Amino acid sequence: MSEVNITFPDNSVRTYGAGVSGMEIATDISKSLAKAAIAVRIDGELSDLSLPIESDAKLEILKRDNEEALEMIRHDTAHVMAEAVQKLFPGTQVTIGPNIENGFYYDFARNEPFGTEDLAVIEKEMRKIVERGDAFTREVWSRDEAIKFFKDKGEMYKAELIEDLPEEEEIKVYKQGEWLDLCRGPHMPSTRHVGGAFKLLKVAGAYWRGDSKKAMLTRIYGTAWRDDKELKAYLLQLEEAEKRDHRKLGAEMDLFHFQHEAQGSVFWHPKGFTIYNQMEQYIRRRLDNAGYQEVKTPMLIDNKLWEKSGHWGKFRENMFVVPDEVPSGEDDGPVLSDKAFEKLMALKPMNCPAHVQIFKQGITSYRDLPIRMAEFGCCHRNEAHGALHGLMRVRQMTQDDAHIFCREDQITDESVAFCELLRNVYTDLGFDDLVVKLALRPEVRAGDDDIWDRAEEGLRAALKQAGLDYEELPDEGAFYGPKIEYHLKDAIGRSWQCGTLQLDFVLPERLDAHYIGEDGGKHRPVMLHRAILGTLERFIGIMIENHAGKLPLWLAPVQCVVATITSDADAYGQKVFAALQEAGLRAELDIRNEKINYKVREHSHAKVPVMFVVGAREAEDGTVAIRRMDSKDQPVEPFEKAIELLANQCKPPY
RNA sequence: GCUGCUGUAGCUCAGUGGUAGAGCGCGUCAUUGGUAAUGACGAGGUCGGGAGUUCAAUUCUCCCCAGCAGCACCA
């Protein structure tokens with residue numbers, strides 16, 4: 001019988017008979033290891049403990065405390081859930097059940113969708129299956145056998161999955177007792193290894209293969225951990241994250257609201273609009289300094305321009321269309337005539353075509369390029385109702401938009417400059433952990449490959465020079481050019497695209513923009529569509545969640561509250577308050593007939609960063625007791641000094 | 001838009017086939033209190049909208065609307 005040499009992580013080598021399994025090796029080393037083992041890594045690849053090893057290999061025995069264990073626990077839990085569901089709800093078809101961050105889901109096809117109340121029942125059944133502790137055993141089937149088996153069982157989705165697997169792929173199924181599932185593996189030794197630290201979290205609809213034209217399946221989300229302590233910690237983290245929800249904080253802090261008469265559009269309250277204005281002014285300073293010129297263009301534009309720009313063809317279903325007709329003033333009868341649809345206008349969903357119109361006024365020389373045209377453009381997009389989400393996804397939005405008109409040879413420099421500007425802004429605003437993606441040429445595209453090569457290379461060079469790590473997304477670019485996307489995460493880990501840089505060779509062509517080149521002839525400029533924040537709405541939403549409402553001083557709607565302890569200090573409080581205002585700070589004076597405890601509590605809840613508490617002593621000495629959010633310290637300083645210090649700290653980062 | 005869940009006072013929520021309750025908030029009065037809730041009293045609700053079943057609907061049924069989660073789409 002031939003032998004295999006097994007090399008362990010500490011470089012020790014043991015020799016076994018060929019075909020030895022990971023479990024046998026673990027048992028050979030120690031009983032306790034065999035008990036704790038959940039999988040092996042053979043030459044870097046995760047594998048089942050039960051599979052025979054036929055040749056020399058590096059081997060690592062994985063236990064529950066390995067990083068990969070969580071992945072396996074979750075995946076195995078998904079299998080257990082699928083079995084439980086099929087047992088409880090016969091006729092339900094299984095489809096796919098991958099791991100996701102912090103958990104897993106499994107999509108099921110069933111005529112009657114699941115409700116939330118089913119989760120507890122399924123969970124109970126799952127615990128029985130775990131308790132039963134059947135071994136996960138692997139089998140390799142022939143393709144035809146597998147397809148026939150699943151079709152006979154009425155598992156049409158599984159059969160479809162197998163049919164679509166590449167020819168060379170082995171068809172593997174994993175059994176746990178009577179139940180089995182098509183699966184690539186690996187799995188832990190038995191269902192008992194799943195443990196008890198799992199919880200089903202929610203049900204939701206999801207399209208088969210992510211295609212809205214295909215069937216809607218029911219997805220069940222769950223989470224699973226090594227032990228109850230980890231599970232509890234995760235559930236607590238979810239709860240904490242919910243408290244940071246910008247919609248909740250927006251209401252509590254009196255920043256903004258939404259109502260059905262204008263769904264998807266923000267009613268900014270004075271405090272919220274203070275944040276908005278500060279952000280806008282900050283970006284304006286940044287843009288001014290970076291050589292941008294600000295413009296303002298119409299919101300309501302004839303659809304003839306949208307036809308020319310291509311939006312009417314490609315973006316119409318996202319637009320709000322308005323008839324260009326004087327509505328009837330009669331109380332009864334139709335408001336609009338039958339002919340109303342003949343003359344249409346649309347609320348702009350983007351600013352680009354309007355910017356091209358400004359570019360086209362007069363004659364532009366190559367010497368004028370690049371032209372960086374900025375607008376805090378108020379755009380409307382007719383988003384699907386289900387897409388709307390607080391400030392993150394709205395129907396009326398203001399972009400910190402700009403279009404850079406330049407020559408092709410300026411693309412790289414302009415892109416680099418933009419990436420650096422964006423990085424500086426994000427750093428100012430406290431985002432260092434952004435995710436950057438580069439969306440590359442899609443199948444259907446305009447422009448020849450040579451231009452695309454240059455465009456993509458230009459963006460890669462820009463990202464490199466800006467020192468940003470990024471992920472490439474093939475096929476995801478816009479039809480007119482590649483784009484860089486900057487993503488930020490909200491409190492519960494949902495990722496939102498904020499900044500973007502898009503190269504466009506198409507729109508200048510469609511709208512016939514040109515400049516006069518060195519050679520005296522007409523040339524097409526290239527357009528760079530770019531936004532740093534993306535939209536003020538979304539970015540402010542992200543800011544609120546990122547800071548849990550405790551915004552940096554320069555953005556805080558109220559920077560300082562002067563709170564008096566007794567009415568004897570009211571006059572002095574007035575004086576300090578006036579001095580704060582004089583220093584340009586956003587201040588409030590609280591001389592209500594309330595106890596200081598009450599005032600401190602209330603302003604703390606309102607997330608006011610600084611309170612100046614004044615009583616008889618302070619009035620006497622000309623001082624203030626400074627109380628900062630989340631701090632029990634109460635240093636006492638002369639009020640002029642305290643204000644000077646605070647004014648310094650309230651300066652915007654740029 | 002699709003699937004599921006939810007919709008009671010300004011907010012957070014309880015509750016019932018016989019037209020409603022708590023806490024916070026709000027108002028009035030008293031209280032002048034040293035860093036996260038002073039006390040008393042009071043006002044406030046066509047129980048999301050419409051239809052149906054019923055002697056009677058906030059409660060049961062259906063439709064609509066909105067919100068939430070996810071999917072699809074996207075800044």
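Per chain, numbering begins at 1; letters A, B, ... match sequence-line order. As the structure is a prediction and not an experimental result, all values here were calculated from the model.
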query: At under 4.0 Å between heavy atoms, what does A:A563 touch on the DNA or RNA strands: base, sugar-phosphate, or nothing?
result: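 Since no nucleic acid heavy atom lies under 4.0 Å of A:A563, the category is nothing.
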- Message: Using a 4.0 Å heavy-atom cut-off, does A:I565 contact any base of the nucleic acid, only the sugar-phosphate backbone, or nothing at all?
- Response: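 Base contact - A:I565 has a heavy atom under 4.0 Å of at least one base atom.
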- Has A:K214 got its NZ or CZ under 6.0 Å from the middle of the six-membered ring of A:Y207, at an angle within 45 degrees of the ring axis?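 Pair A:K214/A:Y207 does not count as cation-pi.
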Between [Y] and [X], is there a salt bridge with N-O shorter than 4.0 Å?
X	Y	result
A:E485	A:K483	yes
A:E537	A:R395	no
A:E472	A:K437	no
A:K271	A:D254	no

Under 3.5 Å on both distances, the Watson-Crick or G-U partner of [N]:
N	value
B:rU6	B:rA66
B:rC41	B:rG27
B:rA72	none
B:rU12	B:rA22

Check: Nearest heavy-atom pair of A:A84 and A:M126: which atoms, and what distance?
Finding: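 So the minimum-distance heavy-atom pair works out to CB-CG, 3.7 Å.
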**Report entry** Presence of donor-acceptor pair under 3.5 Å, side chain of A:T218 and base of B:rU3
**Finding:** no
Would you kindly give the [atom1]-to-[atom2] distance between [X] and [N], to the nearest whole Å?
X	N	atom1	atom2	value
A:E594	B:rG33	CD	C1'	10 Å
A:D570	B:rG33	CG	C1'	13 Å
A:D254	B:rG25	CG	P	16 Å
A:E117	B:rU6	CD	P	8 Å
A:I591	B:rG33	CD1	C1'	16 Å
A:K214	B:rU3	NZ	P	18 Å
A:E618	B:rU35	CD	C1'	11 Å
A:F108	B:rG4	CZ	P	17 Å

Taking only nitrogen or oxygen atoms into account, show me every contact under 3.5 Å that the protein makes with nucleotides 27-29 of chain B, one pair per line with its distance.
none

Tested for side chain to side chain donor-acceptor pair (under 3.5 Å) against A:Y292, the lone hit among A:R530, A:R284, A:R372 is A:R530
Those residues at least two apart in sequence (or on a different chain) that pass ring pair (Phe, Tyr, Trp, His ring centres under 6.0 Å) with A:H246 are none
Heavy-atom contacts, protein to nucleotides 58-75 of chain B, under 4.0 Å, summarised as B (base), S (sugar-phosphate only) or - (none) per nt, yield --------SSSSBBBBBB
For the P atoms, the ones on B:rC60 and on B:rC47, what distance do you get once it is rounded to whole angstrom? 15 Å
Inset, instruction - Could you measure between the two P atoms, the one in B:rU32 and the one in B:rU19, and give it in whole Å? - result: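 Result for the P pair: 46 Å, nearest Å.
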Between [N] and [X], is there an OP1 or OP2 to side-chain N/O distance shorter than 4.0 Å?
X	N	result
A:R627	B:rA36	yes
A:Y598	B:rC24	no
A:K632	B:rA36	yes

- Message: Ignoring hydrogens and geometry beyond distance, is a side-chain donor-acceptor pair present between A:Q399 and A:N351 at under 3.5 Å?
- Response: yes
